[in-house]
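Notes to accompany the following structure.
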Amino acid sequence: MSHMVKGKTSFTEENKTLLVEALKQAYTGCEVRLNAQAMISGRPLCDIVVKNNRGNDVGFRLKADGTYECLTYEPGYGNNQDRINNALKPVYDPYNRAVATKMTKTNPALAGWIVSKTTDIEVKGTKKKRIRISPG
């Protein structure tokens, strides 16, 4: 059985353009629309919608705290936040790299620094990616 899942993200309104570009990179061949209805149960109006070729869209709605919540339609049952995290895995790397690059360009303390490589690390049994910045 399929159902709609909703979960929180770390994507912020401040970096909306970076999020849209990361979504285009992560979901190649899909269209990204702004202020559109998502083809999800209830057809919610979302700030950002990834129009998926399979008909199951991924929508993002801005919350009062300035972050986006993610809405999508996934098969089966399970923890909603885990399903959201799995659906967004390909988005986080390009988004985080873009945010790190923006930081090096806008923060005077990081002037001249560059975003270098991404490495895989393990923190308390959880695999994560670390983006390194280094002096240029």
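It should be emphasised that the depicted structure is a prediction, and the values quoted were computed from it without experimental measurement. Just the heavy atoms: all of them, side chains too, but no hydrogens, waters or symmetry mates, feed the values below.
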My understanding is that only residues two or more places apart in sequence, or in another chain, count here; which of them pass side chain to side chain contact (heavy atoms under 4.5 Å, CB included) with S116?
R132, S134
So, does N107 use its side chain to make a donor-acceptor pair with the main chain of M103 at under 3.5 Å?
no
Look at the side chain of T9 and the backbone N and O of Y68, then say whether any donor-acceptor pair between them is shorter than 3.5 Å.
yes
Of the non-hydrogen atoms in V50 and C30, which two are nearest, and what is the gap between them?
CG1-CB, 3.9 Å
Check for me, please, whether I114 and I131 land in the same ILVMFWY cluster - side-chain distances under 4.5 Å, paths through other members count.
no
In Å and rounded to the nearest 0.5 Å, what is the CG to CZ distance from L45 to R61?
8.5 Å
Between K63 and E69, does any side-chain N to carboxylate O distance fall below 4.0 Å?
no
Please go through V49's hydrophobic cluster and name the other residues, only I, L, V, M, F, W, Y counting, with side-chain heavy atoms under 4.5 Å joining them.
none
Could you check whether any side-chain N or O of D57 sits under 3.5 Å from a backbone N or O of M39, counting only pairs where one atom can act as donor and the other as acceptor?
yes
Distance-only criterion, 3.5 Å: show the donor-acceptor pairs between side-chain atoms of residues 12-24 and protein atoms not counting sequence neighbours.
| unit_1 | atom_1 | unit_2 | atom_2 | d |
| --- | --- | --- | --- | --- |
| T12 | OG1 | N15 | ND2 | 3.3 |
| N15 | OD1 | K102 | NZ | 2.9 |

Quick one, F60 and C46 - any side-chain contact, counting heavy atoms below 4.5 Å?
no
Evaluate the criterion side chain to side chain contact (heavy atoms under 4.5 Å, CB included) for residue pair L88 and C70; output intermediate values, then yes/no.
CA-CA 9 Å; L88 296 179; C70 180; 4.2 Å; yes
Do S10 and T67 come close enough that some side-chain heavy atom pair is under 4.5 Å?
no
With no hydrogens and no angle check, is any side-chain donor or acceptor of T104 less than 3.5 Å from a backbone partner on T101?
yes
Please determine whether the number of non-hydrogen atoms from other residues, nucleotides or ligands lying under 6.0 Å from atom NZ of K51 exceeds 12.
yes
From I133 atom CD1 to R97 atom CZ, the distance as rounded to the nearest 0.5 Å:
11.5 Å
